[in-house]
There are 2 protein chains.
Amino acid sequence: MGIAERRERQKAEIRELILDAAREIVGKEGLEGLTIRKIADAIEYAPGTIYLHFENRDAIARELVVSGFMELVGYMAPAAQESDPLKRLDAIGYAYAKFGIERPETYRTIFLQPPAISSALMELLKGEGEGTDDGRGPGEQAFNILAETVAELIDRGIFRPGNPVVIAETIWAWLHGIVALRVSCSEEMLTDFSASIHYAIEGVRRAFAR
Amino acid sequence: MGIAERRERQKAEIRELILDAAREIVGKEGLEGLTIRKIADAIEYAPGTIYLHFENRDAIARELVVSGFMELVGYMAPAAQESDPLKRLDAIGYAYAKFGIERPETYRTIFLQPPAISSALMELLKGEGEGTDDGRGPGEQAFNILAETVAELIDRGIFRPGNPVVIAETIWAWLHGIVALRVSCSEEMLTDFSASIHYAIEGVRRAFAR
DNA sequence: GTCTATAGGCTGATAGAC
DNA sequence: GTCTATCAGCCTATAGAC
């Protein structure tokens, strides 16, 4: 059975090869620039070979999005460990910004897509909780880290009363806005990223604190 | 010369016909879904005819983006008239949100594009000030309404001291984030838009006020 | 398991008839 | 000015040789 295992391993290797090549292409040209032929060229296989490892182009794109969300969850996980909710809120903000700036193309892949893709994508974000702690998708998981922190801040009377989900969404929007502008706009147009993030994170506290 | 004038008028009419059809297609399928053939089908002309009115596909896309920015400036113009800077700031925020929610596809066209398009697009945003008041592009024009308001608020001691451009950018990011999430996410995922905008606009004041 | 070859469909853009 | 016809190029996906 050593043979069967080696085969499994080799198959998984090519899968990863395909996904890595796909990530690079999407990084440069966006998800809509991803084609089977470009992947095949990059890994130096024939186009048809790709279909032995993935059902079709969309399956590859889907895989990329899911792994992108996992990456985001990975960035946010350390922040979630912080026990003081106010410090945790700050840490979440900085972790999110860090993800956006270190992995701009991943950010674009999961959050900045045309209408048709976006809607299909948001389904992934919610359902499909395979291998997760609680049956929720990775996107919802990441959001809940924020929402629960806001809820705790309200409970403790540190934040003014309000709907924690709406407030969390509003905070998320601020972070998203700053990262999205960075990712979309040319460098010279924008000024100071870290100042902007800093303003926003301090601003969130001032905006919602009691 | 009445004949020449009629010809001019007819030509302009078809131009508008093409642009309207293009807007509808982009609304449904995004800028990358725009093709010459789809436009031709929609206006019931042959594909080749389009090329008598526009140099190529990109020229049409560019025109769409420019007119989209003009629309945004149109939404913001009334807000810019408000003399009280604090009220003006609120009005700008609401006008921006209104634009995003009433014209989501225009919003997407001008602000949510893949990397290659985005960078080319941002050039338009800055330069090319044909027919504008002061030689600046329509994007910069819209931004300056906000930046100048922030500067005035700092000067009057209503806002804490700081770089008005960075602060304006941070405020813009918040609005952009809220609108962008609306435009990208499925309805059921998100909660209350007007509450979110309200939080943000009040939050901005609390975040930057002295 | 990987290749070559190919079907069938989309694209932008152009040439030439009318 | 508008048409039809067409080229050349890309795409996804599949069939069949090896």
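Reminder, nothing fancy here: chain letters follow the sequence lines and each chain counts from 1. Given the structure is predicted, the values throughout are model-derived calculations rather than measurements.
Looking at A/Thr49, its side chain does come within 3.5 Å of a backbone N or O of A/Ala46 through a donor-acceptor pair. Not one N or O on the side chain of A/Arg108 forms a donor-acceptor pair closer than 3.5 Å with the backbone of A/Gly27.
Pairs engaging residues 168-181 of chain B under the salt bridge (Lys or Arg N to Asp or Glu O under 4.0 Å) rule: A/Arg182-B/Glu169 [sequence neighbours left out].
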Check the pair B/Glu13 / B/Arg9 against salt bridge (Lys or Arg N to Asp or Glu O under 4.0 Å), numbers first and verdict last. CA-CA 6 Å; B/Glu13 257 170 39; B/Arg9 218 171 36 239; 5.2 Å; no
Show me, pair by pair, the donor-acceptor contacts under 3.5 angstrom made by side chains of residues 89-100 of chain A, not counting sequence neighbours?
unit_1: A/Asp90; atom_1: OD2; unit_2: A/Arg205; atom_2: NH2; d: 3.0
unit_1: A/Tyr94; atom_1: OH; unit_2: A/His198; atom_2: ND1; d: 2.8
unit_1: A/Tyr96; atom_1: OH; unit_2: A/Tyr107; atom_2: OH; d: 2.7
unit_1: A/Tyr96; atom_1: OH; unit_2: A/Trp172; atom_2: NE1; d: 2.9

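Defined by atom type and a distance below 3.5 Å, a donor-acceptor pair is present between the side-chain atoms of B/Ser67 and B/Arg23.
Taking atom CD1 on B/Ile39 and atom P on C/dT11, their separation rounds to 11 Å, with Å as the unit. Atoms CZ (A/Phe54) and C1' (C/dG1) sit 16 Å apart, rounded to a whole Å. Note: CD1 (B/Ile43) to P (D/dG1) measures 15 Å, nearest angstrom. The separation between B/Asp41 atom CG and D/dC3 atom C1' is 14 Å, rounded to whole Å. Distance CG (A/Leu52) to P (C/dC3): 9 Å, rounded to an integer number of Å. As rounded to whole Å, 17 Å separates atom C1' of C/dC10 from atom CD of A/Glu32. In this structure, the OH atom of A/Tyr45 is 7 Å from the P atom of C/dC3, given to the nearest Å. Rounded to whole Å, the distance from CD1 on A/Ile60 to P on D/dC11 is 14 Å.
Taking every heavy atom of both residues into account, B/Ile39 and B/Ile25 meet most closely at N-CD1, 3.7 Å.
With a 4.5 Å cut-off on side-chain heavy atoms, A/Asn56 and A/Ile36 do not count as touching. The shortest distance between side-chain heavy atoms of A/Thr106 and A/Phe69 does not fall below 4.5 Å.
A salt bridge does not link A/Lys28 to A/Glu105: none of the charged nitrogens lies less than 4.0 Å from a carboxylate oxygen.
For the segment residues 10-18 of chain B, residues with any heavy atom less than 4.0 angstrom from an atom of DNA chain D are, sorted by number, B/Ile14.
Rotation axes derived from the C1' atoms of the five outermost pairs at either end of the helix from C/dG1-D/dC18 to C/dC18-D/dG1 lie 20° apart, to the nearest 10°.
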At under 4.0 Å between heavy atoms, how does the protein contact nucleotides 12-18 of chain C? Give one character per nucleotide, 5' to 3', with B, S or -. BBB----
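Every side chain to side chain donor-acceptor pair (under 3.5 Å) that A/Asp192 has, sequence neighbours left out, goes to A/Ser194.
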